[in-house]
Amino acid sequence: MTKSARQGPYICGIDAALDVVSGKWKGLILWELDAHGIRRFAELRRGLPGVSEKMLTQHLREMEHDGLVIRTVYAEVPPRVEYSLTDDGRSLNAALAPLGSWGSTRIRSQGIPMVDHQDAAAMPRP
């Protein structure tokens, strides 16, 4: 597995936490896996409208390397690969919950549109 771009020294705990969740899709991957438990790659991709296959693969690899995600490969034909959160991934997701609440409040107060999760599969892919 490739090494993370940064591994300290850090200025503070927020610096270390943001290093692990940096990237547009990591927080959403945490949210999707927390909400649904075990997901296959295609299920994750459908649940994250706008993510490319390349970016999802890259973020999942980094998150596995950082100990946030477990990748389980089953010896079947065709091969089946499933992703789930580790204890660290679940605790990070819980730590991000107040940030999500802040974002929800901002969306409502600013009248910012949201993606209807049910319509996510219909969105165009990059």
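Sequence neighbours left out, the pairs with a member in residues 91-104 that pass side chain to side chain donor-acceptor pair (under 3.5 Å) are Asp34-Asn93. For residues 88-97, the set of pairs meeting the salt bridge (charged side-chain N to carboxylate O under 4.0 Å, His left out) definition, not counting sequence neighbours, comprises Asp87-Arg90.
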Stepwise side-chain contact (heavy atoms from CB on, under 4.5 Å) test for Lys54 and Thr57 = CA-CA 5 Å; Lys54 178 184 175 187; Thr57 299; 5.9 Å; no
task = Apply side-chain contact (heavy atoms from CB on, under 4.5 Å) to Leu68 and Ile29, showing your working.
result = CA-CA 10 Å; Leu68 304 175; Ile29 292 167; over 6 Å; no
key: Candidate pair Val81 and Phe41, rule side-chain contact (heavy atoms from CB on, under 4.5 Å), full reasoning   = CA-CA 7 Å; Val81 179; Phe41 185 87; over 6 Å; no
ask   = Would Glu43 and His36 satisfy side-chain contact (heavy atoms from CB on, under 4.5 Å), going step by step from the backbone distance to the final call?
value = CA-CA 10 Å; Glu43 292 171 321; His36 299 285; over 6 Å; no
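The nearest pair of heavy atoms linking Ile107 to Met114 is CG2-CG, 3.7 Å. Thr86 and Gly67 get closest at one heavy-atom pair: OG1-O, 2.5 Å. The two residues Ile11 and Asp15 have their closest heavy-atom pair at N-OD2, 3.0 Å. Between Leu28 and Lys24, the closest heavy-atom pair is CD1-O, 4.1 Å. Nearest heavy atoms, Leu33 versus Tyr83: CD2-O, 3.4 Å.
Considering CG of Leu85 and CD1 of Ile38, their distance stands at 10.5 Å, rounded to 0.5 Å. Rounded to the nearest 0.5 Å, atoms CE (Met63) and CG (Leu92) are 7.5 Å apart. Rounding to the nearest 0.5 angstrom, the gap separating the NZ atom in Lys26 from the CG atom in Asp66 is 5.5 Å. Here the OG-CZ distance, from Ser84 to Arg39, works out to 12.5 Å after rounding to the nearest 0.5 Å. Distance check: Gln110 CD to Thr105 OG1 gives 11.0 Å after rounding to the nearest 0.5 Å. For the atom pair Leu44 CG and Trp25 CH2, the distance stands at 12.0 Å (nearest 0.5 Å).
Residues forming a side-chain contact (heavy atoms from CB on, under 4.5 Å) with Ser109 (at least two apart in sequence, or on another chain): none. Looking at residues two or more places apart in sequence or on another chain, you find no side chain to side chain donor-acceptor pair (under 3.5 Å) involving Arg40. Considering only residues two or more places apart in sequence or on other chains, Glu53 meets the side chain to side chain donor-acceptor pair (under 3.5 Å) condition with none of them. For Glu82, the salt bridge (charged side-chain N to carboxylate O under 4.0 Å, His left out) test picks out Arg80, with sequence neighbours left out.
More than 12 heavy-atom neighbours from other residues, nucleotides or ligands sit within 6.0 angstrom of CD1 on Ile112.
The hydrophobic clustering, which links ILVMFWY residues whose side-chain heavy atoms are closer than 4.5 Å, places Ile70 and Val20 apart.
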